[in-house]
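Data first, discussion second: the structure below is written as C-alpha coordinates.
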Number of protein chains: 2
Amino acid sequence: MKPISPPQSLMELTADRIREAIIVGELQLGSKVSEQRLADALSISRSPVREALALLQIEGLVRIFPKRGTFVFTPDEKTVLDLCDHRVCLESACLQMALDRAPDTLLGGMRQAMEDMHKAIRAKDAAAYALADMRFHRAIVTSSGNLSMARVYGSTIGPLMALRTHLFTEMHADNQISMDQHAALLAACEAGDIQQGQAIIERHVRMLADHYRRSRESAVQPPQSPVT
Amino acid sequence: MKPISPPQSLMELTADRIREAIIVGELQLGSKVSEQRLADALSISRSPVREALALLQIEGLVRIFPKRGTFVFTPDEKTVLDLCDHRVCLESACLQMALDRAPDTLLGGMRQAMEDMHKAIRAKDAAAYALADMRFHRAIVTSSGNLSMARVYGSTIGPLMALRTHLFTEMHADNQISMDQHAALLAACEAGDIQQGQAIIERHVRMLADHYRRSRESAVQPPQSPVT
DNA sequence: AACATAAATCTGCCATGGTAGATACAGGTA
DNA sequence: TACCTGTATCTACCATGGCAGATTTATGTT
(Lines give C-alpha, C1' and ligand atoms only; values in the text may rest on other atoms or scores of the structure.)
Protein backbone atom coordinates (compact mmCIF):
# COMPACT_ATOMS: atom_id res chain seq x y z
CA MET A 1 0.00 0.00 0.00
CA LYS A 2 2.45 2.62 1.20
CA PRO A 3 5.84 2.22 -0.43
CA ILE A 4 7.66 4.24 2.19
CA SER A 5 6.40 4.83 5.69
CA PRO A 6 8.73 3.54 8.44
CA PRO A 7 10.07 7.00 9.34
CA GLN A 8 6.54 8.17 10.25
CA SER A 9 6.42 11.76 11.35
CA LEU A 10 5.22 12.72 14.77
CA MET A 11 2.42 14.69 13.18
CA GLU A 12 1.04 11.54 11.53
CA LEU A 13 1.37 9.52 14.70
CA THR A 14 -0.47 12.27 16.55
CA ALA A 15 -3.21 12.35 13.93
CA ASP A 16 -3.62 8.60 14.23
CA ARG A 17 -3.79 8.87 17.99
CA ILE A 18 -6.41 11.63 17.99
CA ARG A 19 -8.45 9.96 15.26
CA GLU A 20 -8.62 6.77 17.24
CA ALA A 21 -9.52 8.69 20.38
CA ILE A 22 -12.44 10.28 18.56
CA ILE A 23 -13.63 7.07 16.93
CA VAL A 24 -13.59 5.03 20.11
CA GLY A 25 -15.30 7.81 22.04
CA GLU A 26 -12.39 8.83 24.21
CA LEU A 27 -13.00 12.35 22.99
CA GLN A 28 -16.69 13.18 23.24
CA LEU A 29 -18.61 14.46 20.25
CA GLY A 30 -18.97 18.22 20.19
CA SER A 31 -16.37 18.69 22.88
CA LYS A 32 -13.76 21.35 22.60
CA VAL A 33 -10.27 20.06 22.01
CA SER A 34 -7.38 22.32 22.88
CA GLU A 35 -3.98 22.22 21.20
CA GLN A 36 -2.27 22.92 24.49
CA ARG A 37 -4.05 20.21 26.45
CA LEU A 38 -3.47 17.60 23.75
CA ALA A 39 0.18 18.57 23.55
CA ASP A 40 0.51 18.29 27.31
CA ALA A 41 -1.33 14.98 27.39
CA LEU A 42 0.93 13.52 24.70
CA SER A 43 4.02 15.22 26.10
CA ILE A 44 4.84 16.87 22.80
CA SER A 45 4.78 20.36 21.39
CA ARG A 46 1.80 22.20 19.96
CA SER A 47 3.13 22.24 16.40
CA PRO A 48 2.51 18.61 15.44
CA VAL A 49 -0.80 18.72 17.31
CA ARG A 50 -1.86 21.70 15.29
CA GLU A 51 -0.92 20.07 12.00
CA ALA A 52 -2.65 16.86 13.01
CA LEU A 53 -5.84 18.76 13.80
CA ALA A 54 -5.70 20.45 10.41
CA LEU A 55 -5.47 17.02 8.82
CA LEU A 56 -8.38 15.71 10.86
CA GLN A 57 -10.44 18.69 9.76
CA ILE A 58 -9.86 17.69 6.14
CA GLU A 59 -11.02 14.21 7.09
CA GLY A 60 -14.10 15.76 8.61
CA LEU A 61 -13.60 14.49 12.15
CA VAL A 62 -13.12 17.91 13.71
CA ARG A 63 -14.13 21.42 12.86
CA ILE A 64 -11.76 24.33 13.41
CA PHE A 65 -13.22 27.75 14.05
CA PRO A 66 -10.58 30.43 13.51
CA LYS A 67 -9.46 32.06 16.71
CA ARG A 68 -12.17 30.19 18.56
CA GLY A 69 -11.09 26.62 18.91
CA THR A 70 -11.36 23.09 17.56
CA PHE A 71 -14.40 20.93 18.20
CA VAL A 72 -15.07 17.26 17.59
CA PHE A 73 -17.52 17.10 14.73
CA THR A 74 -21.03 15.89 15.48
CA PRO A 75 -22.47 14.58 12.22
CA ASP A 76 -26.04 15.67 11.64
CA GLU A 77 -28.52 13.58 9.70
CA LYS A 78 -28.01 15.20 6.33
CA THR A 79 -24.25 14.85 6.62
CA VAL A 80 -24.57 11.14 7.26
CA LEU A 81 -27.01 10.61 4.42
CA ASP A 82 -24.80 12.53 2.01
CA LEU A 83 -21.89 10.45 3.16
CA CYS A 84 -23.86 7.26 2.57
CA ASP A 85 -24.72 8.27 -0.98
CA HIS A 86 -21.14 9.20 -1.60
CA ARG A 87 -19.99 5.91 -0.22
CA VAL A 88 -22.39 3.85 -2.32
CA CYS A 89 -21.27 5.75 -5.41
CA LEU A 90 -17.57 5.10 -4.83
CA GLU A 91 -17.86 1.55 -3.56
CA SER A 92 -20.10 0.43 -6.41
CA ALA A 93 -17.83 1.87 -9.03
CA CYS A 94 -14.74 0.46 -7.35
CA LEU A 95 -16.29 -2.95 -6.96
CA GLN A 96 -16.72 -3.19 -10.70
CA MET A 97 -13.19 -2.00 -11.38
CA ALA A 98 -11.69 -4.28 -8.73
CA LEU A 99 -13.45 -7.37 -10.08
CA ASP A 100 -12.30 -6.48 -13.56
CA ARG A 101 -8.69 -5.74 -12.76
CA ALA A 102 -7.59 -7.42 -9.53
CA PRO A 103 -10.17 -9.93 -8.28
CA ASP A 104 -7.61 -11.88 -6.24
CA THR A 105 -6.48 -8.81 -4.34
CA LEU A 106 -10.09 -7.89 -3.69
CA LEU A 107 -11.11 -11.31 -2.40
CA GLY A 108 -7.97 -11.61 -0.28
CA GLY A 109 -8.57 -8.26 1.39
CA MET A 110 -12.21 -9.05 2.04
CA ARG A 111 -11.46 -12.42 3.60
CA GLN A 112 -8.76 -11.00 5.84
CA ALA A 113 -11.06 -8.26 7.09
CA MET A 114 -13.84 -10.76 7.73
CA GLU A 115 -11.44 -12.77 9.84
CA ASP A 116 -10.77 -9.69 11.94
CA MET A 117 -14.47 -8.96 12.23
CA HIS A 118 -15.11 -12.47 13.50
CA LYS A 119 -12.35 -12.08 16.06
CA ALA A 120 -13.74 -8.74 17.20
CA ILE A 121 -17.20 -10.22 17.67
CA ARG A 122 -15.86 -13.13 19.67
CA ALA A 123 -13.90 -10.65 21.79
CA LYS A 124 -16.94 -8.34 22.00
CA ASP A 125 -14.68 -5.47 20.98
CA ALA A 126 -16.90 -2.89 19.30
CA ALA A 127 -14.04 -0.61 18.39
CA ALA A 128 -12.06 -3.40 16.76
CA TYR A 129 -15.17 -4.42 14.85
CA ALA A 130 -15.61 -0.92 13.52
CA LEU A 131 -12.01 -0.82 12.37
CA ALA A 132 -12.23 -4.21 10.68
CA ASP A 133 -15.46 -3.15 9.01
CA MET A 134 -13.64 -0.13 7.67
CA ARG A 135 -10.85 -2.30 6.34
CA PHE A 136 -13.33 -4.57 4.58
CA HIS A 137 -14.81 -1.73 2.59
CA ARG A 138 -11.48 -0.08 2.10
CA ALA A 139 -10.31 -3.29 0.43
CA ILE A 140 -12.95 -2.78 -2.26
CA VAL A 141 -11.72 0.70 -3.00
CA THR A 142 -8.00 0.03 -2.88
CA SER A 143 -8.33 -3.09 -5.01
CA SER A 144 -9.84 -0.98 -7.75
CA GLY A 145 -6.39 0.43 -8.34
CA ASN A 146 -7.78 3.95 -8.59
CA LEU A 147 -5.59 6.03 -6.32
CA SER A 148 -7.77 9.12 -6.56
CA MET A 149 -10.85 7.31 -5.32
CA ALA A 150 -8.86 5.39 -2.72
CA ARG A 151 -7.45 8.56 -1.25
CA VAL A 152 -10.81 10.24 -0.98
CA TYR A 153 -12.41 7.18 0.49
CA GLY A 154 -9.65 6.66 3.01
CA SER A 155 -9.25 10.23 4.05
CA THR A 156 -12.77 11.66 4.07
CA ILE A 157 -15.33 8.85 4.04
CA GLY A 158 -13.73 6.06 5.99
CA PRO A 159 -13.00 7.88 9.25
CA LEU A 160 -16.41 9.50 9.47
CA MET A 161 -18.15 6.25 8.71
CA ALA A 162 -16.07 4.48 11.33
CA LEU A 163 -17.13 7.14 13.80
CA ARG A 164 -20.76 6.56 12.96
CA THR A 165 -20.32 2.80 13.09
CA HIS A 166 -18.91 2.89 16.56
CA LEU A 167 -21.72 5.13 17.72
CA PHE A 168 -24.29 2.38 17.50
CA THR A 169 -22.37 -0.84 17.56
CA GLU A 170 -22.28 -0.45 21.30
CA MET A 171 -26.00 -0.16 21.75
CA HIS A 172 -27.13 -2.36 18.87
CA ALA A 173 -25.45 -5.69 19.17
CA ASP A 174 -26.84 -6.95 15.89
CA ASN A 175 -23.47 -7.25 14.24
CA GLN A 176 -24.75 -10.56 12.92
CA ILE A 177 -26.86 -8.82 10.29
CA SER A 178 -23.90 -6.79 9.24
CA MET A 179 -21.74 -9.89 9.12
CA ASP A 180 -24.27 -11.69 6.95
CA GLN A 181 -24.32 -8.84 4.50
CA HIS A 182 -20.56 -8.79 4.29
CA ALA A 183 -20.54 -12.55 3.70
CA ALA A 184 -23.15 -12.16 0.99
CA LEU A 185 -21.09 -9.47 -0.68
CA LEU A 186 -18.02 -11.66 -0.57
CA ALA A 187 -19.98 -14.53 -2.09
CA ALA A 188 -21.27 -12.30 -4.88
CA CYS A 189 -17.73 -11.22 -5.63
CA GLU A 190 -16.50 -14.79 -5.68
CA ALA A 191 -19.23 -15.55 -8.19
CA GLY A 192 -18.29 -12.47 -10.17
CA ASP A 193 -21.82 -11.11 -9.94
CA ILE A 194 -21.19 -7.39 -10.02
CA GLN A 195 -24.80 -6.28 -10.10
CA GLN A 196 -25.64 -8.43 -7.12
CA GLY A 197 -22.63 -7.04 -5.28
CA GLN A 198 -23.62 -3.47 -6.00
CA ALA A 199 -27.15 -4.16 -4.83
CA ILE A 200 -25.82 -5.56 -1.57
CA ILE A 201 -23.65 -2.52 -1.04
CA GLU A 202 -26.63 -0.29 -1.58
CA ARG A 203 -28.78 -2.24 0.86
CA HIS A 204 -25.99 -2.41 3.42
CA VAL A 205 -25.38 1.32 3.45
CA ARG A 206 -29.10 2.06 3.55
CA MET A 207 -29.38 -0.16 6.60
CA LEU A 208 -26.54 1.73 8.25
CA ALA A 209 -28.32 4.99 7.51
CA ASP A 210 -31.51 3.69 9.06
CA HIS A 211 -29.63 2.52 12.12
CA TYR A 212 -28.10 5.92 12.46
CA ARG A 213 -31.44 7.65 12.11
CA ARG A 214 -33.10 5.50 14.75
CA SER A 215 -30.18 5.80 17.14
CA ARG A 216 -30.45 9.54 16.91
CA GLU A 217 -34.16 9.70 17.61
CA SER A 218 -33.51 8.52 21.13
CA ALA A 219 -30.44 10.59 21.81
CA VAL A 220 -29.72 14.09 22.94
CA GLN A 221 -28.14 16.52 20.55
CA PRO A 222 -24.86 17.83 21.81
CA PRO A 223 -24.01 21.38 20.81
CA GLN A 224 -22.19 21.36 17.47
CA SER A 225 -20.59 24.77 17.65
CA PRO A 226 -20.65 27.84 19.86
CA VAL A 227 -22.50 29.85 17.22
CA THR A 228 -24.87 28.88 14.46
CA MET B 1 -21.03 27.78 -0.38
CA LYS B 2 -18.86 29.16 2.34
CA PRO B 3 -20.94 30.67 5.14
CA ILE B 4 -18.04 32.33 6.92
CA SER B 5 -14.82 33.35 5.31
CA PRO B 6 -14.00 37.08 5.70
CA PRO B 7 -11.41 36.58 8.43
CA GLN B 8 -9.37 34.33 6.14
CA SER B 9 -6.29 33.00 7.78
CA LEU B 10 -2.84 33.64 6.39
CA MET B 11 -2.44 29.92 5.87
CA GLU B 12 -5.44 29.83 3.51
CA LEU B 13 -4.29 32.89 1.65
CA THR B 14 -0.89 31.29 1.24
CA ALA B 15 -2.45 28.06 0.00
CA ASP B 16 -4.47 29.99 -2.56
CA ARG B 17 -1.38 31.84 -3.70
CA ILE B 18 0.71 28.69 -4.11
CA ARG B 19 -2.11 26.79 -5.79
CA GLU B 20 -2.52 29.51 -8.38
CA ALA B 21 1.24 29.65 -8.91
CA ILE B 22 1.26 25.93 -9.65
CA ILE B 23 -1.76 25.97 -11.95
CA VAL B 24 -0.55 28.88 -14.07
CA GLY B 25 2.90 27.37 -14.29
CA GLU B 26 4.71 29.91 -12.15
CA LEU B 27 6.07 26.97 -10.20
CA GLN B 28 7.32 24.37 -12.62
CA LEU B 29 6.08 20.81 -12.45
CA GLY B 30 8.38 18.50 -10.54
CA SER B 31 10.38 21.36 -9.10
CA LYS B 32 11.40 21.40 -5.49
CA VAL B 33 9.62 23.98 -3.41
CA SER B 34 11.30 25.06 -0.19
CA GLU B 35 9.42 26.32 2.85
CA GLN B 36 12.12 28.85 3.52
CA ARG B 37 12.18 30.29 0.01
CA LEU B 38 8.40 30.55 -0.18
CA ALA B 39 8.30 32.21 3.21
CA ASP B 40 10.94 34.69 2.14
CA ALA B 41 9.22 35.36 -1.18
CA LEU B 42 5.91 36.04 0.56
CA SER B 43 7.57 37.85 3.47
CA ILE B 44 5.95 35.63 6.06
CA SER B 45 7.06 32.92 8.43
CA ARG B 46 7.55 29.27 7.61
CA SER B 47 4.64 28.09 9.79
CA PRO B 48 1.74 29.14 7.52
CA VAL B 49 3.72 28.03 4.48
CA ARG B 50 4.20 24.63 5.98
CA GLU B 51 0.50 24.26 6.80
CA ALA B 52 -0.47 25.47 3.34
CA LEU B 53 1.79 22.88 1.74
CA ALA B 54 0.19 20.18 3.84
CA LEU B 55 -3.20 21.30 2.55
CA LEU B 56 -2.00 21.30 -1.05
CA GLN B 57 -0.71 17.79 -0.58
CA ILE B 58 -4.21 16.71 0.40
CA GLU B 59 -5.47 18.34 -2.76
CA GLY B 60 -2.86 16.43 -4.68
CA LEU B 61 -0.97 19.37 -6.13
CA VAL B 62 2.28 18.72 -4.27
CA ARG B 63 3.97 15.73 -2.79
CA ILE B 64 5.84 15.94 0.51
CA PHE B 65 8.70 13.53 1.13
CA PRO B 66 9.55 13.43 4.84
CA LYS B 67 12.87 15.05 5.65
CA ARG B 68 13.54 15.37 1.92
CA GLY B 69 11.40 18.19 0.64
CA THR B 70 8.21 19.17 -1.15
CA PHE B 71 7.82 18.80 -4.91
CA VAL B 72 5.21 20.04 -7.33
CA PHE B 73 3.27 17.03 -8.44
CA THR B 74 3.64 15.97 -12.04
CA PRO B 75 0.54 14.00 -13.01
CA ASP B 76 1.47 10.89 -14.90
CA GLU B 77 -0.86 9.15 -17.27
CA LYS B 78 -2.32 6.77 -14.72
CA THR B 79 -3.08 9.62 -12.35
CA VAL B 80 -5.02 11.47 -15.00
CA LEU B 81 -6.92 8.37 -16.06
CA ASP B 82 -7.78 7.61 -12.43
CA LEU B 83 -8.96 11.15 -12.04
CA CYS B 84 -11.13 10.81 -15.12
CA ASP B 85 -12.74 7.64 -13.81
CA HIS B 86 -13.34 9.34 -10.50
CA ARG B 87 -14.87 12.30 -12.22
CA VAL B 88 -17.20 10.19 -14.33
CA CYS B 89 -18.27 8.31 -11.22
CA LEU B 90 -19.14 11.44 -9.27
CA GLU B 91 -20.70 13.37 -12.12
CA SER B 92 -22.89 10.50 -13.22
CA ALA B 93 -24.20 9.88 -9.74
CA CYS B 94 -24.75 13.57 -9.12
CA LEU B 95 -26.56 13.98 -12.42
CA GLN B 96 -29.12 11.45 -11.34
CA MET B 97 -29.55 13.01 -7.91
CA ALA B 98 -29.76 16.52 -9.32
CA LEU B 99 -32.45 15.55 -11.84
CA ASP B 100 -34.39 13.85 -9.09
CA ARG B 101 -34.15 16.55 -6.48
CA ALA B 102 -33.47 19.93 -8.07
CA PRO B 103 -33.88 19.79 -11.85
CA ASP B 104 -34.53 23.53 -12.12
CA THR B 105 -31.32 24.42 -10.30
CA LEU B 106 -29.40 22.00 -12.48
CA LEU B 107 -30.83 23.25 -15.78
CA GLY B 108 -30.40 26.86 -14.72
CA GLY B 109 -26.77 26.36 -13.83
CA MET B 110 -26.08 24.48 -17.04
CA ARG B 111 -27.73 27.11 -19.22
CA GLN B 112 -25.87 29.92 -17.51
CA ALA B 113 -22.54 28.18 -17.97
CA MET B 114 -23.31 27.46 -21.63
CA GLU B 115 -24.01 31.14 -22.14
CA ASP B 116 -20.59 31.93 -20.74
CA MET B 117 -18.99 29.29 -22.92
CA HIS B 118 -20.60 30.77 -26.01
CA LYS B 119 -19.35 34.21 -25.05
CA ALA B 120 -15.86 32.88 -24.45
CA ILE B 121 -15.79 31.23 -27.86
CA ARG B 122 -16.99 34.37 -29.60
CA ALA B 123 -14.31 36.31 -27.70
CA LYS B 124 -11.74 33.58 -28.42
CA ASP B 125 -10.88 33.57 -24.72
CA ALA B 126 -9.50 30.12 -23.88
CA ALA B 127 -9.13 30.80 -20.17
CA ALA B 128 -12.72 32.05 -19.84
CA TYR B 129 -13.87 28.98 -21.72
CA ALA B 130 -12.04 26.69 -19.33
CA LEU B 131 -13.60 28.42 -16.33
CA ALA B 132 -17.11 28.25 -17.81
CA ASP B 133 -16.53 24.60 -18.61
CA MET B 134 -15.61 24.01 -15.01
CA ARG B 135 -18.74 25.82 -13.81
CA PHE B 136 -20.88 23.71 -16.12
CA HIS B 137 -19.68 20.50 -14.55
CA ARG B 138 -19.62 21.93 -11.09
CA ALA B 139 -23.30 22.81 -11.53
CA ILE B 140 -24.05 19.11 -11.89
CA VAL B 141 -22.32 18.28 -8.64
CA THR B 142 -23.59 21.18 -6.56
CA SER B 143 -27.16 20.73 -7.80
CA SER B 144 -27.13 17.24 -6.42
CA GLY B 145 -27.24 18.78 -2.96
CA ASN B 146 -24.64 16.32 -1.69
CA LEU B 147 -22.12 18.38 0.25
CA SER B 148 -19.68 15.51 0.68
CA MET B 149 -19.41 14.91 -3.04
CA ALA B 150 -19.33 18.61 -3.83
CA ARG B 151 -16.43 19.16 -1.46
CA VAL B 152 -14.40 16.35 -2.94
CA TYR B 153 -15.14 17.44 -6.46
CA GLY B 154 -14.24 21.03 -5.74
CA SER B 155 -11.18 20.51 -3.61
CA THR B 156 -9.58 17.34 -4.96
CA ILE B 157 -10.65 16.84 -8.53
CA GLY B 158 -11.05 20.46 -9.54
CA PRO B 159 -7.51 21.72 -8.89
CA LEU B 160 -5.80 18.72 -10.49
CA MET B 161 -8.10 18.90 -13.50
CA ALA B 162 -7.37 22.60 -13.80
CA LEU B 163 -3.69 21.77 -13.75
CA ARG B 164 -4.18 19.19 -16.47
CA THR B 165 -6.28 21.65 -18.46
CA HIS B 166 -3.56 24.21 -18.37
CA LEU B 167 -1.02 21.69 -19.58
CA PHE B 168 -2.52 21.54 -23.05
CA THR B 169 -4.71 24.61 -23.01
CA GLU B 170 -2.87 26.09 -25.95
CA MET B 171 -3.65 23.42 -28.47
CA HIS B 172 -7.33 22.67 -28.10
CA ALA B 173 -8.99 24.21 -31.11
CA ASP B 174 -11.92 21.88 -31.13
CA ASN B 175 -14.03 23.66 -28.57
CA GLN B 176 -16.88 23.07 -30.97
CA ILE B 177 -16.87 19.37 -30.23
CA SER B 178 -16.87 20.12 -26.53
CA MET B 179 -19.70 22.61 -26.98
CA ASP B 180 -21.76 20.08 -28.89
CA GLN B 181 -21.30 17.56 -26.14
CA HIS B 182 -22.37 20.03 -23.49
CA ALA B 183 -25.40 20.99 -25.54
CA ALA B 184 -26.29 17.33 -25.95
CA LEU B 185 -25.96 16.79 -22.23
CA LEU B 186 -28.21 19.76 -21.52
CA ALA B 187 -30.77 18.44 -23.99
CA ALA B 188 -30.71 15.03 -22.37
CA CYS B 189 -31.30 16.62 -18.97
CA GLU B 190 -34.17 18.70 -20.30
CA ALA B 191 -35.69 15.51 -21.61
CA GLY B 192 -35.04 13.80 -18.30
CA ASP B 193 -33.03 11.07 -20.00
CA ILE B 194 -30.56 10.19 -17.27
CA GLN B 195 -28.95 7.25 -19.03
CA GLN B 196 -28.30 9.30 -22.12
CA GLY B 197 -26.82 12.06 -19.95
CA GLN B 198 -24.51 9.68 -18.15
CA ALA B 199 -23.35 8.23 -21.45
CA ILE B 200 -22.51 11.70 -22.70
CA ILE B 201 -20.54 12.46 -19.55
CA GLU B 202 -18.58 9.28 -20.05
CA ARG B 203 -17.79 10.09 -23.67
CA HIS B 204 -16.87 13.66 -22.81
CA VAL B 205 -14.36 12.72 -20.13
CA ARG B 206 -12.89 9.97 -22.30
CA MET B 207 -12.30 12.58 -24.98
CA LEU B 208 -10.49 14.77 -22.46
CA ALA B 209 -8.34 11.83 -21.45
CA ASP B 210 -7.43 11.18 -25.08
CA HIS B 211 -6.53 14.82 -25.49
CA TYR B 212 -4.27 14.57 -22.51
CA ARG B 213 -2.63 11.39 -23.76
CA ARG B 214 -1.88 12.84 -27.18
CA SER B 215 -0.55 16.05 -25.69
CA ARG B 216 1.87 14.06 -23.58
CA GLU B 217 3.21 11.96 -26.42
CA SER B 218 4.93 15.03 -27.77
CA ALA B 219 6.20 16.39 -24.47
CA VAL B 220 9.19 15.80 -22.26
CA GLN B 221 8.79 14.11 -18.89
CA PRO B 222 10.15 16.17 -15.99
CA PRO B 223 11.50 14.20 -13.04
CA GLN B 224 8.77 13.46 -10.56
CA SER B 225 10.78 12.75 -7.43
CA PRO B 226 14.40 12.34 -6.38
CA VAL B 227 13.97 8.63 -5.81
CA THR B 228 11.68 6.02 -7.22
C1' DA C 1 40.53 8.70 -13.54
C1' DA C 2 37.07 6.35 -10.73
C1' DC C 3 35.26 5.25 -6.48
C1' DA C 4 34.55 5.44 -1.58
C1' DT C 5 34.23 8.22 2.31
C1' DA C 6 33.74 12.16 5.22
C1' DA C 7 32.79 16.86 6.08
C1' DA C 8 29.84 20.76 5.16
C1' DT C 9 25.50 22.57 3.91
C1' DC C 10 20.82 22.47 3.22
C1' DT C 11 16.14 21.60 4.69
C1' DG C 12 12.38 19.91 6.95
C1' DC C 13 10.60 18.86 11.71
C1' DC C 14 9.54 19.96 16.34
C1' DA C 15 9.86 23.21 20.45
C1' DT C 16 8.87 27.67 22.36
C1' DG C 17 7.59 32.70 22.68
C1' DG C 18 4.76 36.75 21.69
C1' DT C 19 0.51 38.74 20.03
C1' DA C 20 -4.23 39.48 18.63
C1' DG C 21 -8.80 38.07 18.91
C1' DA C 22 -12.63 35.85 21.23
C1' DT C 23 -15.06 34.18 25.22
C1' DA C 24 -16.39 34.45 30.02
C1' DC C 25 -17.15 36.79 34.01
C1' DA C 26 -17.63 40.50 37.24
C1' DG C 27 -19.25 44.89 38.34
C1' DG C 28 -22.20 48.72 37.66
C1' DT C 29 -26.38 51.06 35.84
C1' DA C 30 -31.32 51.40 34.41
C1' DT D 1 -33.87 41.72 38.10
C1' DA D 2 -32.15 42.36 33.59
C1' DC D 3 -28.81 44.34 30.63
C1' DC D 4 -24.76 46.59 29.28
C1' DT D 5 -19.80 47.16 29.73
C1' DG D 6 -15.04 46.73 30.97
C1' DT D 7 -11.63 43.54 32.33
C1' DA D 8 -9.38 39.14 32.79
C1' DT D 9 -8.34 34.83 30.80
C1' DC D 10 -8.01 31.63 27.33
C1' DT D 11 -6.65 30.10 22.81
C1' DA D 12 -5.44 29.99 18.19
C1' DC D 13 -2.10 32.06 14.99
C1' DC D 14 2.32 33.40 13.39
C1' DA D 15 7.42 34.14 14.29
C1' DT D 16 11.78 32.18 15.47
C1' DG D 17 15.34 28.86 17.27
C1' DG D 18 17.64 24.29 17.71
C1' DC D 19 18.18 19.80 16.01
C1' DA D 20 18.36 15.70 13.11
C1' DG D 21 18.25 13.61 8.73
C1' DA D 22 19.41 13.97 3.87
C1' DT D 23 21.93 15.75 -0.06
C1' DT D 24 25.91 17.58 -2.05
C1' DT D 25 30.63 18.50 -2.40
C1' DA D 26 35.29 17.90 -1.45
C1' DT D 27 39.12 14.92 -0.49
C1' DG D 28 41.94 11.01 -0.23
C1' DT D 29 42.79 6.29 -1.71
C1' DT D 30 43.11 2.62 -5.20
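Here is the naming used below: chain letters follow the sequence lines, and residue numbers restart at 1 for every chain.
Side-chain proximity of S34(A) to the nucleotides dC14(C), dA15(D), dA12(D) is greatest for dA12(D). Between dG12(C), dT11(C), dC13(D), one nucleotide has an atom nearer to the side chain of E35(B) than all others, and that is dG12(C). Of the candidates dT11(D), dA15(C), dA22(C), dA15(C) carries the atom nearest the L10(A) side chain, counting heavy atoms from C-beta on.
Salt bridge R37(B)/D40(B): absent, no basic N to carboxylate O contact under 4.0 Å. Ion pairing between a basic and an acidic side chain is recognised when a charged N comes within 4.0 Å of a carboxylate O; R101(B) and D85(A) show such pairing. Between E115(B) and R135(B) no salt bridge is recorded (no basic side-chain N to carboxylate O distance below 4.0 Å). By the 4.0 Å N-to-carboxylate-O rule, D82(B) lies too far from R87(B) to be salt-bridged with it.
Across all their heavy atoms, K78(B) and G145(A) have their closest contact at NZ-O, 2.7 Å.
To the nearest angstrom, P of dC13(D) lies 13 Å from CG of L13(B). The nearest whole Å value for the distance from the NZ atom in K67(B) to the P atom in dT11(C) is 14 Å. Atom-to-atom, CG of L56(A) to P of dA12(D) comes out at 14 Å; the value is rounded to the nearest Å. Atom CG of L42(B) and atom C1' of dA15(D) are 15 Å apart (whole Å). Between the CD atom of Q36(B) and the P atom of dA15(D) there is a distance of 12 Å, given to the nearest Å. The nearest whole Å value for the distance from the CG atom in D40(B) to the P atom in dT16(D) is 10 Å. As a whole-Å value, the separation of L38(A) CG from dC14(C) P is 16 Å.
The side-chain heavy atoms of I58(A) and S155(A), taken from C-beta on, include no pair separated by under 4.5 Å.
Residues from residues 44-52 of chain A lying near DNA chain C, meaning a heavy-atom separation below 4.0 Å, are I44(A), S45(A), R46(A), S47(A), P48(A) in numerical order.
For dG21(D), the OP1/OP2 oxygens have no side-chain nitrogen or oxygen of R68(B) closer than 4.0 Å.
Not counting sequence neighbours, R151(B) has no partner by the salt bridge (charged side-chain N to carboxylate O under 4.0 Å, His left out) test.
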